[in-house]
2 protein chains.
Amino acid sequence: MAAAKLKDVAEFAGVSIKTVSNVVRGVPGVSDATRERVLRAVRELGYRPNPSARRLRTGHSGLIGLAVPELTTPYFAELAHHVRAEAAGLGFTVLIEETLADATEELRLATGVGASLLDGVILSPLRVSPDELAPVASEFPLVLLGERSYGHDRVVADHVLIDNVAAARDATAHLAGLGRTRIAALGVDRKASDTSRQRLQGFQLALHEAGLTFDPRLAPLIENFSRHSGLLATRALAALPAGERPDAVFCFTDMLALGARRALYEAGLRVPEDVAVIGVDGSEEALYATPSLSSVIPDKAAIASLAVTCLVNRIRSKEPLPFEVHLAPYRLDARESTVGPA
Amino acid sequence: MAAAKLKDVAEFAGVSIKTVSNVVRGVPGVSDATRERVLRAVRELGYRPNPSARRLRTGHSGLIGLAVPELTTPYFAELAHHVRAEAAGLGFTVLIEETLADATEELRLATGVGASLLDGVILSPLRVSPDELAPVASEFPLVLLGERSYGHDRVVADHVLIDNVAAARDATAHLAGLGRTRIAALGVDRKASDTSRQRLQGFQLALHEAGLTFDPRLAPLIENFSRHSGLLATRALAALPAGERPDAVFCFTDMLALGARRALYEAGLRVPEDVAVIGVDGSEEALYATPSLSSVIPDKAAIASLAVTCLVNRIRSKEPLPFEVHLAPYRLDARESTVGPA
DNA sequence: GGGCGCGGTTACAACGTTGGAAATCTCGCG
DNA sequence: CGCGAGATTTCCAACGTTGTAACCGCGCCC
């Protein structure tokens, strides 16, 4: 059975196609009697609007894209979950894409797919430069997550993020508050992403405020924010002579922290007795780890809400809107991995 | 600047719209000279086909849906990742949906969205019954993951799954092989899902083969397959008097296993010395846990490949195809949580 | 040397929907 | 009893693409 179309419903109800269209879309100016009759016909025939035809005619699809580095990172999976929920509330469907941390792919997703299939895109950039993004954002609704590029002087698109400097500072201060003096920073990205730079900055700030000096050996370069990277880097830290070994590690992501925890476990170092560990992301995995890992928890629902609202505003607006930067709240959850004195 | 369309390219190249269409789609029967000219025009104008118009005309969108219970479960995130990769190779884009374990939503995703926006759907059902799915599958390309419903006698759609009975049997036999005698089964679903029933069956089979008797108290009912459920159920198990307490736990999912491991940690029981733990899914989280958790690892790439191939065949085929059931391989990875004698 | 086949190209209609304008209908009022 | 205003409904065109069928010129065969 072919799907029913407006024409079928119209014939069934004995009205014109346009009237059915009006009823379906809830356009005012249809008498109650007609509306009733049409709705019955719609139910009877199981009519569902054809999105392609609608999109072709109106120019928008009700689809927004969410492009994240990878879905298997719990943080992004959670984010995707919230974005979907938020978008659904506004009548939009979300198409989730993975960039796999590839600049070309990031750009393609922002433009290619978007331009013709999607009404707008929420992108979590990792590699693509603002220069490449700028021309895109100026003619296509685009909201960027995290990565506040190029300081405060140049905003090339809407941004939603947490205050990474403050978050890193809080986390580090928390470790210092436990009496730890040799605090490592795990997450200095070889590619020097904005997120990484900002968190390092907050780390150093807190160190300074606590009267501690920054030891570059305790801030190893890592490849990416994965468990594996955390494992490798922490193995090296654990292998340092006893006096130089860190007594605390601030990890830029929970995945790094979980890799670090595993490396410490393998090295026979206790958490938190020998080394305190804290991460960022608030993943459920950290909560169930043994010991549970402290984490700085970005309010993902708020991030999703701000991003979707912002994007939808831009989609619905006729005029070009000025770019905005939204800060989402976060909180620090101190758990078993950061208790007691060293 | 409005997006270029076929008409623009045609005018630019000095040919008809149809010829451009043919070139773009790679239809044979265009002279090299013309093709060259058209391709140059396409590049020049940055033409990209309009998917809505194409879909309206041809009746298919190149979009397939993947409906999973929730994205925040690592297993499904990984699966989504593989499905995306596989589909991309065949020229399809994947729209990921979350059912949140709601039957209505599962059905809606299989039909509603699908019928008009998607060419086909891969669904991981949890609540919806085969009776409801049967009419859908008969007129819309649908592939089911896991949940081999209603035994071997009635297949209502294509299925891709692992042999759950065998997998559970292997896992349990592995525990028995360590000399454990009081083996618990964690994952008996209150809703009696197929997956749960099959794994329980394999569990009991292995118990029988090892000469052990099934103790219902060691197979508590759980609400769902989450870490939290595993935590709650295992707390109860850990609270049993010493002689009745299990010395091993076969968890139906890694999430349950991680919750169980956490509960054992809180109760002061050592893994694997006091209690051995094994899960199913092969999530990276289990690999990095302390101790690392043994797991039965379904070949997710194979599952994705089988599912996508099967779905695409059905989409591309004109005739109705007979329903197929595909078994994907799995392997057991023994790690720290299941070593040594009790 | 005229019809034929064939590679290459084009004109036209249609996919299902919606915006805009035109048509019709319904009342109340003069 | 006719007429205008507003309410309701209808007609028409267009969105960008592709399938069908027709067209065109050219070399080839008889």
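Heavy-atom basis, side chains included; hydrogens, waters and symmetry copies ignored.
As a whole-Å value, the separation of A/Arg37 CZ from D/dT8 P is 14 Å. Between A/Lys5 atom NZ and C/dT17 atom C1' there is a gap of 11 Å when expressed in whole angstrom units. Across the protein-nucleic acid pair, A/Arg54 atom CZ and C/dG19 atom C1' stand 14 Å apart, rounded to whole Å. Put simply, NE2 on A/His60 is 17 Å from C1' on D/dG16, counting in whole angstrom units. Here C/dA14 presents its C1' atom at 12 Å from CG of A/Leu56, a figure rounded to the nearest Å. Taking atom NZ on B/Lys7 and atom P on D/dT18, their separation rounds to 16 Å, with Å as the unit. Computed from coordinates, the B/Tyr47 OH to D/dT17 P distance equals 3 Å when rounded to whole Å. The CZ-C1' distance, from A/Arg48 to C/dG16, rounds to 16 Å in whole Å.
Two residues, A/Ile17 and B/Ile17, neighbour DNA chain C, and the one matched to the more 5' nucleotide by heavy-atom proximity is B/Ile17. Ranked by how close their nearest DNA chain C nucleotide is to the 5' end, B/Ser31 and A/Asn50 are led by B/Ser31.
A salt bridge links B/Asp158 with B/Arg314; the closest basic N to acidic carboxylate O contact falls under 4.0 Å. The pair B/Arg127-B/Glu105 does not count as a salt bridge, with every side-chain nitrogen at least 4.0 angstrom from each carboxylate oxygen.
Side-chain proximity of A/Val30 to C/dT17, C/dG8, D/dT9: nearest is D/dT9. Taking only side-chain atoms of B/Arg25, from C-beta outward, the nucleotide of C/dT10, D/dG19, C/dT17 with the closest atom is D/dG19. Relative to the side chain of A/Thr34, the nucleotides D/dT18, C/dT10, D/dT9 differ in distance, and D/dT9 lies closest. When the nucleotides C/dT10, D/dT18, D/dT8 are ranked by their closest atom to the side chain of B/Ser16, C/dT10 comes out on top. Residue B/Pro49 places its side chain closer to D/dT17 than to any other of D/dT17, C/dT10, C/dT17. The side chain of A/Val15 approaches D/dT10 more closely than any other nucleotide in the set D/dT17, D/dT10, C/dA11.
Judged by atom type and distance alone, B/Arg57 reaches the base of D/dT18 through a side-chain donor-acceptor pair under 3.5 Å. Taking only distance into account, the side chain of A/Lys18 meets the base of C/dG20 through a donor-acceptor pair shorter than 3.5 Å.
Atom-to-atom distance recorded for A/Leu109:CG and A/Thr99:OG1 is 7.0 Å, nearest 0.5 angstrom.
If you check every strand for non-hydrogen atoms under 4.0 Å, A/Ser52 touches nothing. Contact annotation for B/Thr58: backbone-only contact, meaning every heavy-atom pair under 4.0 Å involves sugar-phosphate atoms and none involves a base.
For the residue pair A/His81 and B/Glu98, a side-chain donor N or O sits within less than 3.5 Å of a side-chain acceptor on the partner.
Between the side chain of A/Arg37 and the main chain of A/Ala13, a donor-acceptor pair closer than 3.5 Å is present.
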